[in-house]
J.: 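Sharing a structure here in structure tokens format.
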Amino acid sequence: MSSYFTDLAQQYIDGEWRQGTGSWDIIDFNPYDDEKLASIRIATVDEVDQAYRAAARAQKEWAATNPYARRAVFEKALRLVEEREEEIAEAIVAELGGTRLKAAFELHLAKEFLREAVHLALRPEGRIIPSPVDGKENRVYRVPVGVVGVISPFNFPFLLSLKSVAPALALGNGVVLKPHQNTPIVGGALVAKIFEDAGLPGGLLNVLITDIAEIGDAFLEHPVPKVISFTGSDQVGRHVATVCASLFKRSVLELGGNSALVVLDDADLDYAVDAAVFSRYVHQGQVCMAANRVLVDRAVADEFTEKFAAKVRSLKAGDPRDPETVIGPVINSRQADALTGVVEQALAEGGTALVRGTRRGNLVEPSVITGLSADSALLRQEVFGPVAFLVPFDGEEEAVRIVNDTPYGLSGAVHTGDIERGVNFAKQIDTGMFHVNDGTVHDEPIVPFGGEKHSGIGRLNGDTMLDAFTTVKWISVQHGRSGFPF
């Protein structure tokens with residue numbers, strides 16, 4: 001077992017590693033074999049306050065630091081991730097139940113986002129804007145918001161913590177990070193250790209391992225943070241947005257999805273099968289962009305369905321430490337119970353299981369369901385696990401209607417032999433991201449990432465990080481003399 005689970009099982013507040021002062025411990029388990037990885041005494045409301053106050057104190061000097069000096073921290077952090085890649089991968093496999101393939105995928109993206117953070121430190125630029133008043137100069141400065149609170153999820157915790165933490169720091173802010181309770185090391189303490197070793201000044205980044213049962217809304221309501229960056233479910237996201245709005249805080253919300261991968265009648269079916277299987281089953285389907293629904297034109301449905309089901313049956317489920325494993329465990333028993341319930345509900349509604357996986361502990365084997373009624377609620381909700389719904393359609397118009405018939409709008413894909421046909425299809429979908437002749441699961445460091453409808457508010461990546469983690473300030477200078485009416 002990685003030493004991370006013994007060495008980093010603490011809070012990180014004001015540059016110090018220490019135990020929380022709560023009355024109970026968060027127990028960190030391996031979801032595959034239930035091995036106890038770590039026991040962490042939780043942080044209290046008082047420690048939330050200490051973390052935010054430390055970030056606010058440290059941020060002033062950090063914001064005044066030359067951005068070239070700030071950049072050096074991220075260059076060092078990137079080198080450290082590269083040097084420790086195997087150890088981090090082992091931690092991902094142990095704490096998340098992620099496969100070796102998934103760990104490599106997450107680490108590749110994490111390094112790409114750190115590379116972007118290196119450049120982001122130099123991105124803010126001011127402007128001089130003309131004035132209708134003689135002698136006046138209008139300067140617009142882009143400045144850090146101050147302190148950012150980050151709440152990260154369990155599915156890609158290292159990547160999705162870094163994705164907000166690194167840009168917020170690079171742009172001159174302080175940060176307090178609350179990782180998910182199921183991934184406190186990979187999503188929290190490990191991120192703090194990387195930046196500590198990279199030379200980030202103490203107090204700028206704080207990590208709180210805690211639970212809302214202990215702190216309630218204190219993380220959101222504290223007066224210090226000006227922005228809360230939350231990645232998670234739309235139900236919790238709605239609450240985060242409500243609390244933030246009531247306190248005039250900005251929220252950046254990256255929420256759930258119910259993406260569709262659409263196969264038109266002129267698609268390359270073998271390629272579409274590969275894209276669809278990856279899009280649904282990568283990391284056991286625990287991905288916000290995963291293709292919950294696979295829509296297939298009825299003209300090619302029989303051939304596609306046969307090939308899709310055959311490929312799903314070939315996916316090896318089991319120990320994520322085995323390099324051959326494609327399907328590892330879901331994160332906990334609650335998720336496994338929910339997925340079993342989804343399959344049972346689908347069959348009770350008249351669906352047919354072309355593939356029906358069994359469950360062993362938290363290991364839920366893949367299922368493929370067809371024949372659901374068009375009005376089934378299952379086709380409109382997010383299913384966070386290895387269950388695919390195949391849906392036939394007649395023509396593009398019906399496909400567009402089905403794809404849009406969901407409260408979510410995060411990602412999606414369409415497969416066709418005609419690129420422009422695919423682009424025209426994509427333009428009709430109410431979603432933040434859509435891909436032609438590819439999978440539904442993509443993230444790139446300089447392309448705006450985010451969703452519409454219940455899939456979130458705001459965007460991350462590239463220049464949109466400036467909108468998320470800085471604000472603009474107008475300072476005017478009157479070089480002459482203004483005239484006043486009295």
Side-chain angles (χ1 to χ4, degrees), residues 1-5 7-8 28 30-32 37 73-120 150 152-167 169-170 177 179-180 182-198 200 205 207 231 254 278-279 281-290 319-329 331 439 441-447 449 460-462:
M1 184 174 70
S2 171
S3 62
Y4 290 143
F5 296 106
D7 298 346
L8 302 181
D28 191 13
N30 180 319
Y32 178 69
L37 301 172
V73 172
F74 300 94
E75 292 172 333
K76 180 70 180 297
L78 174 59
R79 289 196 299 273
L80 291 173
V81 172
E82 291 172 336
E83 290 168 8
R84 301 171 186 178
E85 194 158 346
E86 182 54 36
E87 299 166 57
I88 299 171
E90 287 178 8
I92 290 172
V93 172
E95 191 171 59
L96 284 65
T99 63
R100 291 284 178 182
L101 179 69
K102 189 268 183 189
F105 185 55
E106 181 165 5
L107 277 163
H108 167 73
L109 283 173
K111 290 183 292 183
E112 289 297 315
F113 278 90
L114 276 172
R115 288 188 182 97
E116 175 61 13
V118 169
H119 301 295
L120 201 60
V150 177
S152 64
F154 66 77
N155 58 341
F156 280 76
F158 189 62
L159 169 66
L160 295 179
S161 291
L162 279 174
K163 188 173 175 177
S164 287
V165 168
L169 290 170
L177 167 64
H180 194 278
N182 287 123
T183 51
I185 302 300
V186 173
L190 179 54
V191 174
K193 180 63 174 169
I194 292 289
F195 279 110
E196 180 184 50
D197 292 350
L200 186 73
L205 172 61
V207 174
T231 305
E254 297 292 337
F278 176 82
S279 297
Y281 296 106
V282 62
H283 192 38
Q284 295 75 267
Q286 298 175 120
V287 183
C288 57
M289 296 170 280
D319 188 339
R321 292 167 292 197
D322 181 348
E324 300 298 315
T325 296
V326 176
I327 305 292
I331 192 67
V441 180
H442 293 284
D443 197 358
E444 297 181 12
I446 63 172
V447 182
F449 181 101
L460 292 177
N461 302 1

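Sequential numbering from 1 along the given sequence is applied to the chain's residues. The model shown is predicted, which means the values in this text are computed figures rather than measured ones.
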J.: Checking the side chain of Thr325 only, and the main-chain atoms of Asp319 only, is there a donor and an acceptor separated by less than 3.5 Å?
T.: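 Looks like yes, one N/O pair under 3.5 Å.
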J.: How far apart are the C-alpha atoms of Leu101 and Val326, what are their side-chain angles, what is the distance that settles it, and do they pass the side-chain contact (heavy atoms from CB on, under 4.5 Å) test?
T.: CA-CA 8 Å; Leu101 179 69; Val326 176; 5.7 Å; no
J.: On a heavy-atom basis, which atom in Ala170 and which in Leu120 lie closest, and how many Å separate them?
T.: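 Smallest interatomic distance, heavy atoms only, reads CB-CB, 4.4 Å.
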J.: For a 4.5 angstrom cut-off between non-hydrogen side-chain atoms, does Thr183 reach Leu96?
T.: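 Yes, their side chains come closer than 4.5 Å.
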J.: Determine, for Arg100 against Glu86, whether the closest basic-nitrogen to carboxylate-oxygen distance falls under 4.0 angstrom.
T.: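 Yes, charged N to carboxylate O under 4.0 Å.
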J.: Table please: side-chain donor-acceptor pairs of residues 73-80 below 3.5 Å, with sequence neighbours left out.
T.:
residue	atom	partner	partner atom	Å
Lys76	NZ	Asp197	O	3.4

J.: Take Val186 and Tyr4 through the test side-chain contact (heavy atoms from CB on, under 4.5 Å) and record every step on the way to the result.
T.: CA-CA 9 Å; Val186 173; Tyr4 290 143; over 6 Å; no
J.: Apply side-chain contact (heavy atoms from CB on, under 4.5 Å) to Ile88 and Glu106, showing your working.
T.: CA-CA 10 Å; Ile88 299 171; Glu106 181 165 5; over 6 Å; no
J.: Among residues two or more places apart or on two chains, list those pairs meeting ring pair (Phe, Tyr, Trp, His ring centres under 6.0 Å) that have a residue in residues 80-106.
T.: none
J.: For Glu95 and Pro184, work out which heavy atoms get closest and say how close.
T.: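 So the two residues come closest at OE2-CD, 3.3 Å.
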J.: Which atoms form the tightest heavy-atom contact between Val93 and Ala103, and what is the distance?
T.: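 Heavy-atom minimum between the residues: CG2-CB, 4.4 Å.
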J.: State the CG-CG distance between Asp443 and Leu109, to the nearest 0.5 angstrom.
T.: 6.0 Å
J.: Judged by atom type as modelled, is there a donor-acceptor pair below 3.5 Å linking the side chain of Ser161 to the main-chain atoms of Gly187?
T.: yes
J.: Would you name the heavy atoms of Leu205 and Ala192 that are closest together and state the gap between them?
T.: CD2-CA, 3.9 Å
J.: Heavy atoms only: give me the nearest Pro320-Gly98 pair and the separation to one decimal.
T.: CB-O, 3.3 Å
J.: When you measure from the side chain of Gln286 to the backbone of Asn155, do you find a donor-acceptor pair of N or O atoms at a distance under 3.5 Å?
T.: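 Looks like no, no N/O pair under 3.5 Å.
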J.: Run the side-chain contact (heavy atoms from CB on, under 4.5 Å) check on Val207 and Val191 step by step: do they pass?
T.: CA-CA 9 Å; Val207 174; Val191 174; 5.6 Å; no
J.: Can you check whether Leu37 reaches Ile185 side chain to side chain, under 4.5 Å on heavy atoms?
T.: no
J.: Rounded to the nearest 0.5 Å, what's the gap from OH on Tyr281 to CD1 on Ile327? Could you check?
T.: 7.5 Å
J.: I need the Leu162 CG to Glu112 CD distance, nearest 0.5 Å.
T.: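 Here the rounded value is 13.0 Å.
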J.: Of the non-hydrogen atoms in Leu169 and Leu200, which two are nearest, and what is the gap between them?
T.: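 It is CD1-CD2, 3.8 Å.
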J.: Distance from Asn30 atom CG to Arg321 atom CZ, nearest 0.5 Å?
T.: 6.5 Å
J.: Is the closest basic N to carboxylate O distance between Glu254 and Lys163 below 4.0 Å?
T.: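 Salt bridge between Glu254 and Lys163, a charged N being under 4.0 Å from a carboxylate O: no.
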J.: Contact between Phe195 and Val165 at the side-chain level, heavy atoms closer than 4.5 Å - yes or no?
T.: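 In contact.
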J.: Can you find a pair of side-chain heavy atoms, one from Ile92 and one from Leu107, that are under 4.5 Å apart?
T.: yes
J.: Hey, does Phe113 have a side-chain heavy atom less than 4.5 Å from the side chain of Asn461?
T.: yes
